[in-house]
Structure formats: structure tokens, C-alpha cells
Student: 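Once you've had a glance at the structure underneath, I'll fire off some questions.
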Number of protein chains: 2
Amino acid sequence: MKEEYCDASETIKQSGLARTPQRMAVLEALILAIHPLSAADILALTAEKTKINRVTVYRILASFRDRGIIREIETGHANSSYEMACAHNPVHPHFRCRDCGRIICLPPLTLSQAWDWLAQPADFTVERIDVQLIGLCAECIKKDNGNTVASDNF
Amino acid sequence: MKEEYCDASETIKQSGLARTPQRMAVLEALILAIHPLSAADILALTAEKTKINRVTVYRILASFRDRGIIREIETGHANSSYEMACAHNPVHPHFRCRDCGRIICLPPLTLSQAWDWLAQPADFTVERIDVQLIGLCAECIKKDNGNTVASDNF
DNA sequence: ATCATAAATGCAACAAACTTGCAAACAATT
DNA sequence: AATTGTTTGCAAGTTTGTTGCATTTATGAT
Ligand SMILES: [Mn+2]
Ligand SMILES: [Mn+2]
Ligand SMILES: [Zn+2]
Ligand SMILES: [Zn+2]
């Protein structure tokens, strides 16, 4: 899926965040990853390279995600995975195993192509296709309006 | 979305499960619901009608889901919602508010129609579209083969 | 209607993933 | 090198869902 690599140091510098060993380790793990990684995966990988705490991993992932550096792939039942959101890795659908939770990146796909998989099982079997549009509901737009408008004025 | 109603009593009878007051209350809540309901929603609604425990709600939801009576809508970060999976309520995509977690049922939709929403905000704004194919991965098919084949022999 | 039995429920304890508060350590700037 | 705001680590907390086991209940047979 991903064929080229970002520079971790450069990406962090451009984000305005401090370039700490912990952030470098997390980002390098994600840049080199073939599959999306869970917070636990990332903790295990980074702990080999630097002193790092579980909570720090969560905080780093949240800050990268909020800046659009990485994407969070939500997998139900509280066990997100993360992948790079750089130009080398455009948005794409995922396969998720209902048994082991494994996440596999899929190529871009129309819904009817996806539905075809239901009938013609390949390597894996597809039982269900979930489509979710995620954003802000009408109520939360109203509620957040004060904040949003204020910062939009600059 | 849903315009007709199932009969709770009949649905439970056909499932082979015992018709307990708790199961009746859970199913009636889901049949009458306009939006998908969380386990907490269901506990609150059913507790008004019968003595019921939090754990019982989870167990009833799992048994209905496993029999295809209801669908579980997974929402990241462990807070599923549930909706009827009867003929009156075919599979459809959902909108999810990233702020309040609200789930809204959407009409059937192609992906390109969904992407159009990103540009043309309506009542709610769409920031992201998640597509997940859910099933069994190659490894888990192999692993479960013993079980599956055994019971398939009957 | 009563009984026997398997199924379902309630309760307490547990578990996983994630969050929060706060003090100590550190990176970036001067 | 000193300053200052940012980041981290640690301990404790929260939320959501699960498990074990004793008690209760639904259901089918008498
Ligand atoms: Mn991916
Ligand atoms: Mn729905
Ligand atoms: Zn699997
Ligand atoms: Zn909302």
C-alpha cells in the first residue's frame, strides 16, 4: 500500500511539536509499518529504542492524529489502530477480522466492488460491510459555534 | 428509516430463546427506537418496565446479535449501538458525531454520493468516511476449520 | 396444576483500553 | 547557561464490557 517513506524528523518539525525521542520512535514505527499498528504494538516497538510510557504513547498518538499526521482506524470494542496519513498513504478501506481483530489495508474500492467480495470469498471471507460518515452533528455544530467562529476570525 | 414494526413476542419465539420479561423489554425498546440504542440507553429504557441488570442487557444483546435479530453498530472506543436487523430495516450506512457520539441512520448510499457530502455540508458536516469489510482473515479461517467442519458434518 | 430441568438472570469481581492530575524532566529559545 | 513552556512518567480513575457462580425462572413433560 505504502511505497515511499516520510522523514520522521521533518514531519515532527513541521507540526510544531517538540522533537522528543518518544515522538521520533512512535513516528518511525508508523512510517516503517506495513500494517496499521495498535497502541500496544507501538509501545512494544518503541520501548526497544527509548524509555517510553504507555500513557505517553496514547498522548503522542492523539496529538499526531489531531494534526492529521496519522489516521486512527477504529475497530469497535476499544482497540484502535493507527497508520500514516501522509501523501504516500492515501485514504483507503480496511478489512477487519472479527475473530483476531487483525486490520488489513485494502486498495481503493467502490461499494459495489466491496459487495462482490461477499459472494466471492478470496483469501479472507467478508461477512459484512460497514460504512460510517464521521463528522459533527447539527447539535454539536451549534454548541461548538462560539469556539469555532472565534478562531475563524483570524 | 424503519416504517413498520416487528412483533417482539413472535421474534423471540422464532429464535428459540426463552421469552423472558427482560428479553421482551430489550426487543420492544429496539423495535420502537428511532435511532440505534447503546447498552446504557437500553438499560435505562428497560429498567422502567422490568427488573433488569446491566450484565443481562449485554448478554441479551449478544444473543440477539448472534442470531441476526439485531445489528451491532461499532463506534470505536467501545460504545456500540444496536438496531433491529429485521426486514423493515435493511443494512444502511450511519453518520456518527465525533463529538457527542450520536449515531444517525442514513439512507442507502453509494460511496461517491457519500463523498459529495464532504463538500456540501448539510445539517451535519462530514469530515471522514470509514469503510470496513468485516469477516474472517485467512489465519482465522484455518484455525477455526476444525470446529466449523465438525459441526458442518451434521 | 405440579415437577423437573435446562436456561436465564443477578451479583460481585474482573479485565482491557483509555484518561486525568500533577510533579519531575526535558526541548527550544534566548 | 538560564528560562520557560512543553512533554513525560507515574498513580489513580473511568468506561465499557466480561466471567464465574449461586439463585431464579421459563418451558415442556407428567
Ligand atoms: Mn490502511
Ligand atoms: Mn441504522
Ligand atoms: Zn483473524
Ligand atoms: Zn454531536
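Naming: A, B, ... by sequence-line order, numbering from 1 per chain.
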Student: Given A/Leu30, which partner from the list A/Asp41, A/Leu37, A/Asn89, A/Leu45 fulfils the side chain to side chain contact (heavy atoms under 4.5 Å, CB included) test?
Tutor: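 Answer to the side chain to side chain contact (heavy atoms under 4.5 Å, CB included) test with A/Leu30 among A/Asp41, A/Leu37, A/Asn89, A/Leu45: A/Leu37.
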Student: Report yes or no: is there a donor-acceptor pair, N or O only, under 3.5 Å between the side chain of B/Arg65 and the base of D/dG17?
Tutor: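 Side chain to base: no pair present.
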Student: Given C/dC11, D/dT8, D/dG9, which nucleotide is nearest the side-chain atoms of A/Thr20?
Tutor: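 Given the options C/dC11, D/dT8, D/dG9, the side chain of A/Thr20 is closest to D/dT8.
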Student: A/Tyr58 side chain: which of D/dG9, C/dA17, C/dG10 is closest?
Tutor: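 Of the options given, the side chain of A/Tyr58 lies nearest C/dA17.
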Student: Of the candidate nucleotides D/dC10, D/dA26, C/dG10, which contains the atom at the shortest distance from the side chain of B/Asn53?
Tutor: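 Nucleotide nearest to B/Asn53's side chain: C/dG10.
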Student: Around atom CZ of A/Arg19, are there more than 12 heavy atoms from other residues, nucleotides or ligands closer than 6.0 Å?
Tutor: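 Not buried by this count: 12 neighbours or fewer within 6.0 Å.
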Student: What is the distance, to the nearest angstrom, from the NZ atom on A/Lys13 to the C1' atom on C/dT29?
Tutor: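 Taking NZ of A/Lys13 and C1' of C/dT29, I get 14 Å after rounding.
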Student: Could you check whether any side-chain N or O of A/Arg54 sits under 3.5 Å from a backbone N or O of A/Leu43, counting only pairs where one atom can act as donor and the other as acceptor?
Tutor: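 Side chain of A/Arg54 to backbone of A/Leu43, a donor-acceptor pair under 3.5 Å: no, none is there.
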Student: Select one nucleotide: of C/dG10, C/dA28, D/dT27, the one nearest the side-chain heavy atoms of B/Arg19.
Tutor: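 Selected nucleotide (nearest to the side chain): D/dT27.
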Student: To the nearest angstrom, how far is A/Ile42 atom CD1 from D/dT8 atom P?
Tutor: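 Taking atom P of D/dT8 as the reference, CD1 of A/Ile42 is at 14 Å.
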Student: Starting from the 5' end of DNA chain C, give me the residue, A/Ala40 or A/Val55, whose nearest nucleotide shows up first.
Tutor: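 Its nearest nucleotide lies further toward 5', so the answer is A/Ala40.
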Student: Without decimals, in angstroms, what is the distance between B/Arg54 CZ and D/dT16 P?
Tutor: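 Those two atoms, CZ and P, are 9 Å apart.
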Student: Nearest to the side chain of A/Ala39 - C/dA27, D/dG9, C/dC18?
Tutor: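 For the A/Ala39 side chain, the nearest candidate turns out to be C/dC18.
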Student: Measure the distance from CD on A/Glu74 to P on C/dC18 and round it to the nearest whole Å.
Tutor: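 Spelled out: CD on A/Glu74 to P on C/dC18 is 10 Å.
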Student: Reading DNA chain D from 5' onward, which residue's closest nucleotide shows up sooner: B/His77 or B/Pro21?
Tutor: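 First, find each residue's nearest nucleotide; the 5'-ward one identifies B/His77.
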Student: Is the shortest distance from a Lys or Arg side-chain nitrogen in A/Glu74 or B/Arg128 to a carboxylate oxygen in the other one below 4.0 Å?
Tutor: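 The answer is yes: the pair qualifies as a salt bridge.
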Student: Quick one: B/Arg23 CZ to D/dT25 C1', roughly how many Å, whole number?
Tutor: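 In whole Å, D/dT25 C1' and B/Arg23 CZ are 11 Å from each other.
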Student: Quick one: B/Gln22 CD to C/dT9 P, roughly how many Å, whole number?
Tutor: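 It works out to 5 Å between those atoms.
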Student: For A/Leu61 and C/dC18, give me the distance from atom CG to atom P, rounded to whole Å.
Tutor: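 Checked: the CG to P distance equals 9 Å.
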Student: Side chain of A/Arg59, base of D/dG9: donor and acceptor closer than 3.5 Å?
Tutor: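 Side chain to base: pair present.
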Student: With heavy-atom distances below 4.5 Å as the criterion, would you say the side chains of A/Ile134 and B/Val126 are in contact?
Tutor: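 In short, these two side chains do not touch, never coming nearer than 4.5 Å.
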Student: In whole Å, what is the span from the CD1 atom of B/Ile12 to the P atom of D/dT27?
Tutor: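 B/Ile12 atom CD1 is separated from D/dT27 atom P by 9 Å.
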